[in-house]
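Per chain, numbering begins at 1; letters A, B, ... match sequence-line order.
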Amino acid sequence: MTIHLESTINGRSVGINVDPTLTLLEVLRENLFLIGTKEGCGVGECGTCVVLLDGTPVTSCLVLAGDADGRDVETVEGLAPDGELNEVQQAFVKSGAFQCGFCTPAMVLSATALLRRNSSPNEEEMKQALGGILCRCGAYPKILEAIIAATGEGA
Amino acid sequence: MKRLKQFAYHEPTTLADAIGALAAGGPTARVLAGGTDLIVDMKIDRLPTTAVVNIKRIPGLVGIEDLGDATRIGALTKVTDVEESTLVKERHPALAAAASILASPPVRALATIGGNVGRASPASDLGPALIVSDARARIRGVEGQRDILVEDLYIGPGQTSLACSDIITDLVVPNPSPGFGSAHVKLGKRGSGTDIAMAGASASIIIRNGVIEDCKVALASLGPTPLRATIAEESLRGREAAEEALAEAAVAAAEQATPIGDIRASASYRMTLARVLTLRALRAAVESAEERGAS
Ligand SMILES: Cc1cc2nc3c(=O)[nH]c(=O)nc-3n(C[C@H](O)[C@H](O)[C@H](O)COP(=O)(O)OP(=O)(O)OC[C@H]3O[C@@H](n4cnc5c(N)ncnc54)[C@H](O)[C@@H]3O)c2cc1C
Ligand code: FES
Ligand code: FES
């Protein structure tokens, strides 16, 4: 059995037939080759699979393919469509806000979603917004520093 | 990748069709709401599932509505929206607090209130908060519609009294009486939010002329279901809302707790948490009542 999805993915309309037992994470990585989105735990705990669904960060390992139909999905690939990094990405580079980089797509997407909603969040709000994403390398202080820099504060 | 096993997938657009698909699928057909429990349970093989009935295409199951004497929360309302609702914050502080510390933001944005009740986890944050708020669940099934106290839905770990073709459509929370206050607290491994409770407690209280007229306490991760601490409640009725009374009630609550030890915490640590968290929940409920004008 397959189902048909009509979604907007990184700003482009995409129509595909997929197995309904796939998760959105699997569709992105395996059907669309958008491998920026990572699987850590597969069960909602680590947050590395975060994508923006209609602008909101969600753990894509827990979303069934059918729930992406008619929705707007943004992955890390969509943040720099022409290779031009967005402010959050630039701040991450400048601050060196990663070590292995595995959590970076989720961190960058969540921070971007936060700044779109609230252009001057305080530190507590930043920590809250990223609270669901584990960084195995413990790069949290640099990540926070990067987001603060991206708000234009402390730059 | 952790793959899902094959299952039949349905996206009904009416409640009647959803109930039909569930009835046809039998005991291993499951309702899919936010999926933050179901997909995990399927991936780790905890819940045999041969059919998934995604109810999110059915209109009318999302939203928070003021019914005048109660608040109606559609079963598919996201935990994030419960957390952010000013109506919920004003009327049902324990529920707003529980929603704000359930899981992490990217999980909360998927998780629904109906799914939390449907999963019947002993560790549920919303369960205790709904119980101390006297919430009822509205159910649609083969035989029509009925209302049932959320407290009466829970019959064991992961088990509700619902038939397999029953669907929770709404949670209805009555308006609090004058002098009311409520609160929810928990302790998880990753700080207060983002993680399932090692233990948690909700309390509601009605204070008139400095005296506790009524009180409810419900515990999380301290028994096989979200658990009422009835002896603690009884000990508080008619007493002054003072620290000594609250501390005694907290001890009584711990005596009623029947925790297990697991990877999150040992049973004996949970017994300590039962007392400590009940005390914190009661103090916060008294504070909430005072803020809301109880005297
Ligand atoms: C990483 C992580 C952390 C978590 N932390 C917490 C936490 O701190 N506190 C907490 O309480 N929970 C926590 N959870 C559990 C979960 O997020 C919540 O229980 C959530 O509210 C479930 O809602 P859902 O819509 O995702 O349910 P689903 O997964 O869609 O469904 C859950 C169960 O209920 C049934 N169901 C769903 N909707 C209905 C309905 N309308 N009628 C009848 N049956 C229904 C389903 O068949 C299924 O068995 C966590 C989960 C994860 C993955
Ligand atoms: S892979 Fe989705 S949360 Fe870990
Ligand atoms: S940089 Fe390695 S996981 Fe965060």
Side-chain angles (χ1 to χ4, degrees), chain A residues 1-5 18-30 37-71 106-107 109-110 113-114 117 125-134, chain B residues 1-12 30-46 49-57 76 78-81 83-84 100-112 115 188-196 263-264:
Chain A
M1 181 187 168
T2 59
I3 51 170
H4 186 71
L5 307 182
V18 298
D19 176 344
T21 68
L22 293 180
T23 61
L24 173 58
L25 173 64
E26 289 159 347
V27 170
L28 291 170
R29 288 184 56 92
E30 294 168 13
T37 309
K38 308 298 182 200
E39 178 180 59
C41 65
V43 290
E45 307 251 356
C46 74
T48 56
C49 65
V50 160
V51 302
L52 306 186
L53 193 59
D54 293 333
T56 304
V58 299
T59 45
S60 62
C61 68
L62 300 181
V63 176
L64 275 194
D67 281 325
D69 185 40
R71 313 285 290 275
M107 292 287 185
L109 281 165
S110 299
L114 171 68
R117 226 177 31 240
E125 289 166 328
M126 295 176 193
K127 288 181 184 168
Q128 279 291 328
L130 302 182
I133 310 166
L134 292 177
Chain B
M1 294 243 172
K2 275 201 180 75
R3 303 256 171 205
L4 292 166
K5 291 193 180 140
Q6 288 298 307
F7 52 81
Y9 181 68
H10 305 275
E11 276 185 4
R30 314 277 172 203
V31 173
L32 174 75
T36 63
D37 277 315
L38 183 64
I39 302 295
V40 175
D41 286 337
M42 288 168 69
K43 281 189 178 179
I44 66 175
D45 256 336
R46 185 157 53 192
T49 301
T50 53
V52 168
V53 180
N54 186 347
I55 59 172
K56 291 196 290 302
R57 309 267 166 197
L76 288 183
K78 299 284 194 308
V79 173
T80 309
D81 295 324
E83 172 192 3
E84 288 173 359
S100 75
I101 53 174
L102 184 154
S104 61
V107 172
R108 275 208 288 283
L110 295 169
T112 68
K189 287 243 188 229
R190 286 162 68 183
S192 59
T194 78
D195 196 13
I196 290 165
I263 54 165
R264 283 190 204 90

Handout entry: Residue part contacting chain B, namely of A:A129, when any heavy atom lies under 4.5 Å
Key = backbone
Problem - B:E11 portion near chain A, given a 4.5 angstrom heavy-atom threshold - result: side chain
Fill in the blank from the handout: Residues A:T21 and B:L4: closest non-hydrogen pair is O-CD1, 3.4 Å
Exercise for the section: Side chain from CB out, backbone as N, CA, C, O: work out which of these in B:I44 comes under 4.5 Å of a heavy atom of chain A, or both, or neither. Expected result: side chain
Fill in the blank from the handout: Applying a strict 4.5 Å limit to non-hydrogen atoms, the region of A:T59 in contact with chain B is both
Fill in the blank from the handout: When B:L110, B:T36, B:V107 are each screened for side chain to side chain contact (heavy atoms under 4.5 Å, CB included) with A:V58, the one that passes is B:L110
Handout entry: Side chain B:K43, main chain A:G42, donor-acceptor under 3.5 Å
Key = yes
Fill in the blank from the handout: Smallest heavy-atom separation, B:P105 atom then A:G132 atom, equals CD-N, 4.3 Å
Handout entry: Cationic N near anionic O, under 4.0 Å, A:R117 to B:E84
Key = no
Exercise for the section: Please state whether the side chain, the backbone, both or neither of A:I3 comes within less than 4.5 Å of a heavy atom of chain B. Expected result: side chain
Practice task
Check whether any side-chain heavy atom of B:M42 sits under 4.5 Å from a side-chain heavy atom of A:L64, and report yes or no.
Solution key: no
Exercise for the section: Under the side chain to side chain contact (heavy atoms under 4.5 Å, CB included) rule, what do B:T80 and A:T56 come out as? Steps first, then yes or no, please. Expected result: CA-CA 11 Å; B:T80 309; A:T56 304; over 6 Å; no
Practice task
Could you tell me the separation between the CZ atom of B:R3 and the CD atom of A:E26, rounded to the nearest 0.5 Å?
Solution key: 4.5 Å
Completion exercise
Taking every heavy atom of A:P57 against every heavy atom of B:A109, the minimum-distance pair comes out as O-CB, 3.8 Å
Handout entry: Exceeds 12 heavy-atom contacts within 6.0 angstrom, atom NZ of A:K127
Key = no
Problem - Proximal component of A:C41, with respect to chain B [non-hydrogen, under 4.5 Å] - result: backbone
Exercise for the section: Would you mind checking which part of A:D54 comes under 4.5 Å of any heavy atom in chain B, side chain (CB onward), backbone (N, CA, C, O), both or neither? Expected result: neither
Practice task
Please state whether the side chain, the backbone, both or neither of A:V50 comes within less than 4.5 Å of a heavy atom of chain B.
Solution key: side chain
Fill in the blank from the handout: Greatest number of non-hydrogen atom pairs under 4.5 angstrom with chain B, of A:L22, A:V63, A:D67, A:L130, falls to A:D67
